[in-house]
Amino acid sequence: MTDVRTRFAPSPTGYLHLGSARTALYNWAFARRHGGKFILRIEDTDRERSTRESEEAVLEGLRWLGLDWDEGPFRQSENAQRHREVVEQLLAQNKAYRCACTRESLELRKQASVDAGGRGVYDGHCRELDLGPDCGPHTVRLRLPPDGMLGFRDAVFGPSGQDASQIGDAIIQRSDGSPLFHLAVVVDDIDMGISHVIRGADHHPNTPFQIALYQALEVEPPTFAHIPLTIAESGKKLSKRRDNVSIQQFQEEGYLAAALVNWIVRLGWSHGDEEIFALDDIRRLFDLESVGRSAARAEIAKLQWLDQHYIKQLSMNELLQQARPHFERVAERPVEDTPELRKLLDLLRERSKTLVEMAELAHWYLRDEIEYQEKAVKKHLRGSALTVMRALLERMSEAEEWSEEVLEGIFHDVAAALGDLKMGKLAQPIRVAVTGGHSSPGIFETLVVLGEKRTIQRIGQAIELIERRDAVATDD
RNA sequence: GUCCCCAUCGUCUAGCUGGUUAGGACACCGGCCUUUCAAGCCGGCAACACGGGUUCGAGUCCCGUUGGGGAUACCA
């Protein structure tokens with residue numbers, strides 16, 4: 001395969017869509033795998049939605065995922081002149097013709113055709129009229145070959161195509177002189193020397209018309225590869241209302257780019273039994289042959305598993321850097337890089353599916369005021385725990401060193417002194433006193449991370465809480 | 001309506017040219033570990049949509065049915 005050139009052609013919608021991201025990834029991977037070029041082209045012909053900001057958001061999403069491009073970003077709007085020239089050329093060659101049908105008459109005739117059980121394609125009203133440029137408001141239509149298959153071999157779906165009669169002479173230029181999608185795409189792809197068009201399967205049905213355009217322009221079509229659409233976990237079409245479809249939102253929810261990339265690459269592509277694919281693996285292994293043909297559901301559980309996998313793999317410095325913004329959001333203030341924080345990060349990476357979850361699990365470290373969970377308090381901070389808590393507090397206050405070993409010694413001594421108590425009898429009340437909840441990393445590790453001062457203060461506070469509550473209870 | 005496409009565990013999938021106890025991963029369930037929650041380890045549940053063919057033999061090939069998706073714009 002010589003001179004592979006792929007492209008990603010998003011319309012700037014203000015965010016990078018999950019499905020688009022996968023298309024971009026496949027294009028990028030294919031180009032990288034074959035030592036080709038990956039080109040970015042913004043399809044901004046819809047001027048309404050196309051702002052600089054929404055364009056930047058799409059680029060930002062690509063950068064975050066780690067998908068670098070070799071050329072561009074180009075903007076389709078920059079090629080307007082060229083598009084017009086091509087239409088003129090087609091007109092001069094009689095491969096296209098002007099159509100003066102009004103929208104109303106078009107709609108009427110289409111409806112009549114459908115009612116009669118037909119396809120509702122353009123009926124060729126102006127096809128042989130040979131209308132000149134002075135025919136009033138008009139569009140330009142491509143003159144399709146009268147019959148014959150507009151076929152192509154799709155790299156994913158295999159032999160594809162439709163008979164020209166099933167398609168009809170579609171419009172390639174609006175009455176205001178602007179080009180339509182099909183024309184713009186084909187011309188731009190030709191000009192950019194695109195060798196492989198890898199795009200969503202929603203384009204599969206309108207590829208035959210584009211084949212006709214390539215034929216009219218006497219250019220060999222590129223290889224097409226239509227990748228099946230991804231659908232929501234519900235089994236329905238991905239909807240921006242119901243589903244999370246924005247890459248940026250996944251980022252905000254605490255997912256790592258590596259996890260997201262791994263997740264989407266496996267949605268419709270596989271490599272034997274392997275599940276873990278970093279960008280480097282993908283650029284080495286990706287192939288069109290192993291892309292499936294059926295739509296894949298995007299199940300979040302798999303993403304979460306992958307995310308935890310990658311969180312566990314991160315180096316401490318990377319983890320710190322990635323987790324920090326989320327930690328600071330919970331802390332509502334800057335979070336200092338300390339040995340305790342690093343230790344906590346290591347403890348929490350085993351228990352977090354996302355960085356957001358990790359930050360939530362760290363709330364007792366990040367905030368001065370802890371939130372007591374009602375159930376946990378009710379179960380563990382009861383009168384019967386007072387003896388244990390007081391004994392532990394006393395011994396902790398005298399501790400000459402604040403380490404896991406020393407704390408473990410204290411706990412064992414107290415357990416033995418109070419009648420060979422089970423460790424749970426001591427650990428759980430302390431855990432609730434110190435974190436507010438009934439789950440956390442190992443109790444000694446938790447206390448070391450929290451520090452002596454805060455530990456003692458919180459246990460004291462919990463003891464007071466129990467005493468005050470029980471006093472009220474006996475008053476009744 | 002009309003055209004086109006798709007169809008293996010709940011989910012993502014393996015399954016190369018027909019011969020497998022239909023494999024893996026996630027999820028789920030159980031066990032071990034254990035001061036809690038996780039993680040880890042071990043084990044389990046679970047699929048060829050249905051009906052016809054072709055064949056000695058079909059998840060693999062053909063047809064139909066059903067189900068799902070897409071396309072039918074002077075959107076992209």
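In what follows, every chain begins at residue 1, and chains take the letters A, B, ... in the order their sequences are listed.
Between A/Glu299 and A/Lys302, none of the side-chain N atoms (NZ, or NE/NH1/NH2) sits under 4.0 Å from a carboxylate O, so this pair counts as no salt bridge. Here A/Asp243 does not pair with A/Lys236 in a salt bridge; the nearest charged N to carboxylate O distance is not below 4.0 Å. Between A/Glu404 and A/Lys343 there is a salt bridge, with a side-chain nitrogen of the basic residue lying less than 4.0 Å from a carboxylate oxygen of the acidic one.
Here A/Asp202 lies in heavy-atom contact (under 4.0 Å) with sugar-phosphate atoms only. As judged by a 4.0 angstrom heavy-atom cut-off over every strand, A/Pro228 is placed among residues making no nucleic acid contact. At a threshold of 4.0 angstrom between heavy atoms, the contacts of A/Lys237 are confined to the sugar-phosphate backbone, with no base atom among them. Within 4.0 Å (heavy atoms only), A/Gly442 reaches at least one base atom of the nucleic acid. Using a 4.0 Å heavy-atom distance criterion, A/Arg103 is classed as a base contact. Counting non-hydrogen atoms under 4.0 angstrom, A/Glu275 reaches a base of the nucleic acid.
Using a 30° and 60° split on the angle between ring planes, A/His226 and A/Phe224 fall in the parallel class, below 30°. Below 30°, between 30° and 60°, or above 60°: for A/Trp269 and A/Phe286 the angle between ring planes is between 30° and 60°, a tilted geometry.
Distance A/His226 NE2 to B/rG69 P: 20 Å, rounded to the nearest Å. As a whole-Å value, the separation of A/Glu350 CD from B/rC33 C1' is 15 Å. The separation between A/Leu183 atom CG and B/rC74 atom P is 15 Å, rounded to whole Å. For the pair A/His204 NE2 and B/rA71 P, the computed distance is 13 Å after rounding to whole Å. Rounded to an integer number of Å, the gap from A/Arg431 CZ to B/rA38 C1' is 11 Å. Rounded to an integer number of Å, the gap from CG of A/Leu306 to C1' of B/rU11 is 13 Å. The distance between atom CD1 of A/Ile172 and atom C1' of B/rA76, rounded to the nearest whole Å, is 17 Å. Separating the CD1 atom of A/Ile231 from the C1' atom of B/rA7 is a distance of 12 Å, rounded to the nearest angstrom.
Pair check for B/rU35 finds none; no Watson-Crick or G-U wobble contact set falls under 3.5 Å. Using the Watson-Crick or G-U wobble rule with both distances under 3.5 Å, B/rC3 pairs with B/rG70. Remark: B/rU55 base-pairs with no nucleotide in the shown strands. Criterion, Watson-Crick or G-U wobble with two distances under 3.5 Å. Nucleotide B/rA25 forms a pair with B/rU11, judged by Watson-Crick or G-U wobble geometry with both contacts under 3.5 Å. B/rU20 makes up no base pair with any nucleotide shown, lacking Watson-Crick or G-U wobble contacts both under 3.5 Å.
Comparing B/rA71, B/rC6, B/rA73 by their nearest atom to the side chain of A/Pro205 picks out B/rA71.
Of the two residues contacting RNA chain B, namely A/Trp305 and A/Ser439, the nearest-nucleotide position lying further toward the 5' end is that of A/Trp305.
Comparing B/rG57 with B/rU11, their C1' atoms are spaced 32 Å from each other, to the whole Å. Remark: the separation of the P atoms in B/rG18 and B/rC56 is 15 Å, to the nearest Å. B/rC4 sits 24 Å from B/rU8 when the C1' atoms are compared, rounded to a whole Å. B/rG19 and B/rA25: their C1' atoms are spaced 27 Å apart (whole Å). B/rU55 and B/rC42 have their P atoms separated by 48 Å, given to the nearest Å. For the C1' atom pair drawn from B/rA47 and B/rG10, the interatomic distance equals 10 Å after rounding to whole Å. Separating the C1' atom of B/rA49 from that of B/rA58 is a span of 16 Å, rounded to the nearest Å. Taking atom P in both B/rU17 and B/rG59, one finds a spacing of 15 Å when rounded to whole Å.
For B/rG23, the base has a donor-acceptor partner in the side chain of A/Asp273 [N/O atoms by modelled type, under 3.5 angstrom]. Contact of A/Lys312 with B/rA39 (side chain to base): no donor-acceptor pair of N or O atoms is detected under 3.5 Å. With hydrogens and angles ignored, a donor-acceptor pair under 3.5 angstrom links the side chain of A/Ser175 to the base of B/rC74. Under 3.5 Å, the side chain of A/Arg351 and the base of B/rC37 form at least one donor-acceptor pair of N or O atoms.
Shown here is A/Arg293, whose CZ atom has no more than 12 heavy atoms of other residues, nucleotides or ligands within 6.0 Å.
Shown are A/Val388, A/Leu426, A/Val406; of these, the side chain to side chain contact (heavy atoms under 4.5 Å, CB included) with A/Phe411 is made only by A/Leu426.
A close approach under 4.0 Å does occur between a side-chain nitrogen or oxygen of A/Arg174 and OP1 or OP2 of B/rA76.
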